Participant: 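Pasting in a structure now, in structure tokens, and then I'll have a few things to ask.
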Amino acid sequence: MKAHVRAEVLASKRIGAYQHLTLVAPGVGERFRPGSFAAVSVGPAGERARLARRPFWIHQVRPLGGYAATVQLVVEPRGEGSRWLASRQRGDRVEMTGPLGRPFALPKEPVPVLLVGEGVSAAPLFPLAERLRERDCPVSLVLGADDEAHLLSALEARRTARAITVVTHDGSVGARGRIPDVVAEALRRSDAAVVYAAGRAATLAAVAQAAEDHGAWSQVAVEEPSDQPWACCTGLCQGCALPVVGEHGAPREVRACLDGPVLRGDRVRWADL
Amino acid sequence: MKAHVRAEVLASKRIGAYQHLTLVAPGVGERFRPGSFAAVSVGPAGERARLARRPFWIHQVRPLGGYAATVQLVVEPRGEGSRWLASRQRGDRVEMTGPLGRPFALPKEPVPVLLVGEGVSAAPLFPLAERLRERDCPVSLVLGADDEAHLLSALEARRTARAITVVTHDGSVGARGRIPDVVAEALRRSDAAVVYAAGRAATLAAVAQAAEDHGAWSQVAVEEPSDQPWACCTGLCQGCALPVVGEHGAPREVRACLDGPVLRGDRVRWADL
Amino acid sequence: MRTSLAGLTLASPVLVASGCGGTGPELAAFGPLSAYGTFTTRSITLDPRPGAAGPRLAESPSGLVHATGLPNPGIDGFLATELPWLVQSGAKVVVSVVGRSLGELAELARRLGRTPGVAAVEINLATPDPVSNGVLELREPQHLGGAVAAVARELPRGVPVLAKLRADPVRVVESARIVAEAGAGAVVVGGALPAALPDGRPAGLSGPAIAPLALRCVREVALALREADTEVDVVGCGGVHTGGDVRAFLDAGAVAVAVGSALFHDPTTAARLAAELTDIPADTAGGTPADHLGGEER
Amino acid sequence: MRTSLAGLTLASPVLVASGCGGTGPELAAFGPLSAYGTFTTRSITLDPRPGAAGPRLAESPSGLVHATGLPNPGIDGFLATELPWLVQSGAKVVVSVVGRSLGELAELARRLGRTPGVAAVEINLATPDPVSNGVLELREPQHLGGAVAAVARELPRGVPVLAKLRADPVRVVESARIVAEAGAGAVVVGGALPAALPDGRPAGLSGPAIAPLALRCVREVALALREADTEVDVVGCGGVHTGGDVRAFLDAGAVAVAVGSALFHDPTTAARLAAELTDIPADTAGGTPADHLGGEER
Ligand SMILES: Cc1cc2nc3c(=O)[nH]c(=O)nc-3n(C[C@H](O)[C@H](O)[C@H](O)COP(=O)(O)OP(=O)(O)OC[C@H]3O[C@@H](n4cnc5c(N)ncnc54)[C@H](O)[C@@H]3O)c2cc1C
Ligand SMILES: Cc1cc2nc3c(=O)[nH]c(=O)nc-3n(C[C@H](O)[C@H](O)[C@H](O)COP(=O)(O)OP(=O)(O)OC[C@H]3O[C@@H](n4cnc5c(N)ncnc54)[C@H](O)[C@@H]3O)c2cc1C
Ligand SMILES: Cc1cc2nc3c(=O)[nH]c(=O)nc-3n(C[C@H](O)[C@H](O)[C@H](O)COP(=O)(O)O)c2cc1C
Ligand SMILES: Cc1cc2nc3c(=O)[nH]c(=O)nc-3n(C[C@H](O)[C@H](O)[C@H](O)COP(=O)(O)O)c2cc1C
Ligand code: FES
Ligand code: FES
């Protein structure tokens, strides 16, 4: 079930480099599963100057202000669309569709899992961690970012994760480095059977490889192809063609918005991105 | 001298049905004369979804907040553009060009004058009244509107005008009626040599006729043609063609934004609008 | 609001434009396909096509520039995997076809003509880039007649041919007359217009940006077909987003409008416009979505 | 940044498009005309024209639909009342002409050829509505050559002919080749495109909406003229608003761009874009106006 709604901004808060928006979006939060996302229209309702929609991970779904399932997005102001969204204020309306995409697949057994998130892309991992905890999966977490301002709050995660590794490029918090530098060790220590990862393509490729080396499954949440708009985010436009390995090893293209954004890490043809 | 600037909203205040915006617009206020207007771009800077600009009378120019000549516009939220402008907030930027157009011509002698303003269109008459007072012209004023909410504050005008007639369609304030019902009497009482009027075409036509009957000059500030966008407001696009009587009585079209918006009332071909 | 198009009775004059409704289920996640006048498939070719490599889309002011390369599973794949679901869904299915030659078009029509559930066949004569897409280039109006005749010949009575023409003001009227003579039951006026991606690759432009161009062509074609005393209907296509756009096209003489890229922006657009036509007096119909428009996923 | 166009040396590759700079003084109120590569006049006819009655303009998404009816004072009025001021202003003056017949075009050229201060003559072969404007309808590329030859013949050496062509992807390349052969020194690719006003009257569409269409045509024409080994320059026109647009057209092979309706939105656009090309490294040039852009009125 998917909904197209005029969501209302209930709250907006700056944390570090990101704007956290809480929205009332009937039908979106209720049906959400970790790894699904919402598509946002840029600009005032009815103004069709920017036709491509902007996808955002659904970060949290919470009861708030009398609403059963408000939706929280974490927005990094970058280009026109994200800046527009980040500057919406309480009471503003935002056209939104969701929940969209194939979410993370959960393990049937309570196996140990490793969650690896980079920058703002780590957003879908937090609700995932909660679900995994509910299923008694021991959760370990690797969080990486360029610097402290771009690190999604590890504080929240302390409640759900048993081990957390933090790594920043400038060393402003945690170890100095990049996720690929620490992921093999984190895998070894957690002895994870499944790795869930979200971040840049290069990071995901490294994580998927590390998982394979370790003998673990990987589930990666891709934001690829990132060099072209995801115009519709609903599977209609063919804009988000992503190269994968098909059923019988044959190369083919899937729609990242529909067949993804969560995919098996060993299925993505990283070199062809 | 005309300026194209990114004006900053300094203040915005709702009075009755109108939003009064005060803007820092370097070069616009300094060169303003009563009857000139400013053209506003609709939408965020760089976003070119709505190409036609919206003209607004410059209502007041005042020193404020350390700025020598802030510009005040009175905006009646009607369609897309005026609603967008009316909802700008302190600190927002608005692309603006001005001062534009041919302003009111002032009498050389301190003759009695009558100012007739309807609804939001009365905006340019207030600074005009001040200038006329400075020149010792006895100023009388007729203000009309549909109802009290749409009447531009007559309070301010009390300082400059010696006689004020207020008329509203619903009788919520002043006499019940329309401007044409009262203008002849106001002319007779003021014995005006010049009538300055701003309002709807039908009102202006009636005022121009009354002035002629009375033997007075009329200067009308037109918002015509109102059935098509004034795309440029600077004389470039030929969009604002207005039918007038030319030099030797021959019918011709002028650009209302350049040759107007203030014209001699007897020159406009009201029937051809 | 029911309407009639090329002899078919449609539930609504609002259609889903070719290539803009996915394979069906994607759009059905937001509302039943039976609410639309037709569901027109993306253009199907004889052989499967993977689609274009490299960035396929870019935003332009009020437009979408696209070079998808006509990805589709080929007629066999389509008939096996997509059509049955569409027919089941209750959609009035129009299958769009495109080919490298008249022979290919005829072959496509032959296969479709035998298949129950195909309400009509639309020939895509409006590809913005026939050359780079490797499909028949029909530069002159005369060539279009041949394509329509080749397809019409293969279809049983009751399965009309719709000819989709580019909004090219210089040739569209002549083209419409010719395809009408060649047996088209309706013309769809207004495909994507030939444009370039920012990197220069040839592409098509769709979206509100092109609506005034499509409107011009629709009016001229409707006028010309009426003057020529044909019974051929006109469908308007290009930049339809609001109730105002629908009315402008209907006023210009179209019996229906096809909604394309607006569905990418708001997948409920066509349903909303269809509902507006039914429920709301013309002069109050607005262009913004209802506060809550949702739907069942299949 | 200087550039060369059809043998003329220009102060900047940013030109003022025909019909979009007023008569000159209106634009000069925001900055000296000498800063632009050329100031191209609105299209001048032999006899004066009052322009169209009724609403002339409408907004469309990222576009402007217009049917001004080519208002102008006729060649005599223009030479007497407008040209002297323009020449005085320091502008590089290109006079655009349009006519009912080849004879009229030749007559216009004859008059302009004799007049000092005319840097070049542009033939408007891109009118979106020749019929309703009562000007020569040149549907086929072959006709265009005749028009260019008729004008070129009357002009002295050193006064080149610029041929302005519509961004019609099907014919623009052939048209460019033909006008190049007929003696055009440059082609301006991209006029307003044939469209309809909301009330259905024929009109032209300009603005950012049409930029991807113009870009496609500019690239194909530039390529074809280079392949044909001509020395004919290409000017890109259509929807230029930002530094990014300028670069896209120059990358596509144009030596200059003409800025049209952007001037209506922001009369300093062309000056800003010209300055950006000179001052700012290409990759940082933005699309928003400086906080304070003003100018002297004459
Ligand atoms: C599945 C998914 C989930 C995401 N989740 C989040 C999230 O939770 N938080 C967050 O901050 N961001 C998220 N993003 C990124 C976000 O959707 C926007 O892409 C990003 O904010 C930039 O868009 P913009 O409008 O600000 O930038 P713009 O520069 O205006 O981008 C315009 C459009 O062009 C596309 N584009 C970007 N670069 C290029 C290029 N080089 N060439 C062509 N087109 C390009 C963009 O996708 C966008 O559609 C996510 C992206 C995806 C795919
Ligand atoms: C000289 C002048 C001074 C003005 N001063 C003021 C002022 O001080 N305060 C104020 O509130 N308003 C003023 N206006 C009116 C204002 O400029 C806008 O026209 C008005 O606010 C409506 O614009 P909109 O964008 O809100 O409406 P929209 O409906 O979005 O109008 C869109 C555009 O279409 C034009 N338009 C309007 N009706 C039609 C039609 N039927 N057909 C085609 N086009 C149409 C408009 O001019 C506008 O350019 C003035 C107008 C003029 C000409
Ligand atoms: C991504 C995309 C894919 C399209 N694919 C097809 C197609 O396969 N066949 C076709 O005839 N038209 C196709 N079109 C054109 C649309 O059907 C429509 O004619 C065009 O986009 C103009 O309408 P719009 O402005 O409402 O989108 C496609 C358009 C887009 C944007
Ligand atoms: C109001 C208006 C008037 C125009 N008049 C002329 C004209 O007289 N002659 C001409 O060749 N082009 C004329 N044009 C077309 C422009 O020169 C330009 O080619 C076209 O608008 C596309 O460029 P743009 O998108 O930058 O506006 C006119 C355009 C507009 C909007
Ligand atoms: S973004 Fe349109 S199909 Fe995926
Ligand atoms: S509004 Fe453009 S000339 Fe007056």
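Order of the sequence lines sets the chain letters (A, B, ...), proteins ahead of strands, with each chain counted from 1. Remember, it's a predicted structure, so these values are computed and weren't measured experimentally.
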Participant: So, for Cys237(B) and Thr68(D), which heavy atoms are closest and what is the spacing to 0.1 Å?
Facilitator: O-CG2, 3.8 Å
Participant: Answer yes or no: are there more than 12 heavy-atom neighbours, outside Gln88(D) itself, under 6.0 Å from its atom CD?
Facilitator: no
Participant: Does the Arg56(D) side chain pair with the main chain of Ala241(B), one donor and one acceptor, at a distance under 3.5 Å?
Facilitator: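 Looks like no, no N/O pair under 3.5 Å.
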Participant: What heavy-atom pair brings Ala52(B) and Leu64(D) nearest, and what distance separates the two atoms?
Facilitator: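 Reported closest heavy-atom pair: N-CD1, 4.4 Å.
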Participant: Please step through side chain to side chain contact (heavy atoms under 4.5 Å, CB included) for the pair Thr97(B) and Phe30(D), ending with a clear verdict.
Facilitator: CA-CA 10 Å; Thr97(B) 315; Phe30(D) 298 92; 3.4 Å; yes
Participant: If every non-hydrogen atom of Pro267(D) is compared with every non-hydrogen atom of His4(B), which pair is closest and at what distance?
Facilitator: CD-ND1, 3.7 Å
Participant: At a 4.5 Å cut-off on heavy atoms, which part of Thr234(B) comes close to chain D: side chain, backbone, both, or neither?
Facilitator: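 The answer is both parts of Thr234(B).
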Participant: State, to 0.1 Å, how close Pro208(D) and Leu51(B) come at their nearest heavy-atom pair, and which atoms those are.
Facilitator: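 What the structure gives for the nearest pair is CD-CD1, 3.7 Å.
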Participant: Drop me the distance from Arg50(B)'s CZ to Ser62(D)'s OG, to the nearest 0.5 angstrom.
Facilitator: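 Answer for the CZ-OG pair, Arg50(B) versus Ser62(D), is 9.5 Å.
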Participant: Distance from Cys232(B) atom SG to Leu57(D) atom CG, nearest 0.5 Å?
Facilitator: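 That separation rounds to 8.5 Å.
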Participant: Any chance the side chains of Arg53(B) and His265(D) put a donor and an acceptor closer than 3.5 Å?
Facilitator: no
Participant: Below 4.5 Å from any heavy atom of chain B, which atoms of Ala53(D) appear? Answer side chain, backbone, both or neither.
Facilitator: neither
Participant: Which heavy-atom pair separates Ala58(D) from Pro229(B) by the least distance, and what is that distance?
Facilitator: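 Looking at all heavy atoms of both residues, the shortest contact is CA-CG, 4.0 Å.
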Participant: With chain B, which of Ala262(D), Gly19(D), Pro50(D), Gly22(D) has the greatest number of heavy-atom pairs at distances under 4.5 Å?
Facilitator: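 Heavy-atom pair counts peak at Gly22(D).
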Participant: Examine whether an atom of Pro225(B) lies under 4.5 Å from a heavy atom of chain D, and if so say whether it belongs to the side chain, the backbone or both; otherwise answer neither.
Facilitator: neither
Participant: Take atom CZ in Arg178(B); do more than 12 heavy atoms of anything else shown fall under 6.0 Å from it?
Facilitator: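 Correct, the count exceeds 12.
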Participant: Between Glu59(D) and Arg54(B), is the closest basic N to carboxylate O distance under 4.0 Å?
Facilitator: yes
Participant: Given a strict heavy-atom distance threshold of 4.5 Å, which part of Arg255(B) is in contact with chain D: side chain, backbone, both, or neither?
Facilitator: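 Arg255(B) touches chain D through side-chain heavy atoms alone.
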Participant: Determine the option with the most heavy-atom pairs under 4.5 angstrom with chain B, choosing from Gly21(D), Gly51(D), Gly63(D).
Facilitator: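 Counting heavy-atom pairs under 4.5 Å, the top option is Gly63(D).
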Participant: Gln238(B) versus chain D, heavy atoms under 4.5 Å apart: side chain, backbone, both or neither?
Facilitator: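 Interface part for Gln238(B): both.
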Participant: Can you tell me if Glu26(D) uses its side chain to pair, donor with acceptor, with the backbone of Leu236(B) under 3.5 Å?
Facilitator: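 Such a contact is absent between Glu26(D) side chain and Leu236(B) backbone.
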Participant: Using a cut-off of 6.0 Å, state whether more than 12 heavy atoms not belonging to Arg269(B) lie near its atom CZ.
Facilitator: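 Yes.
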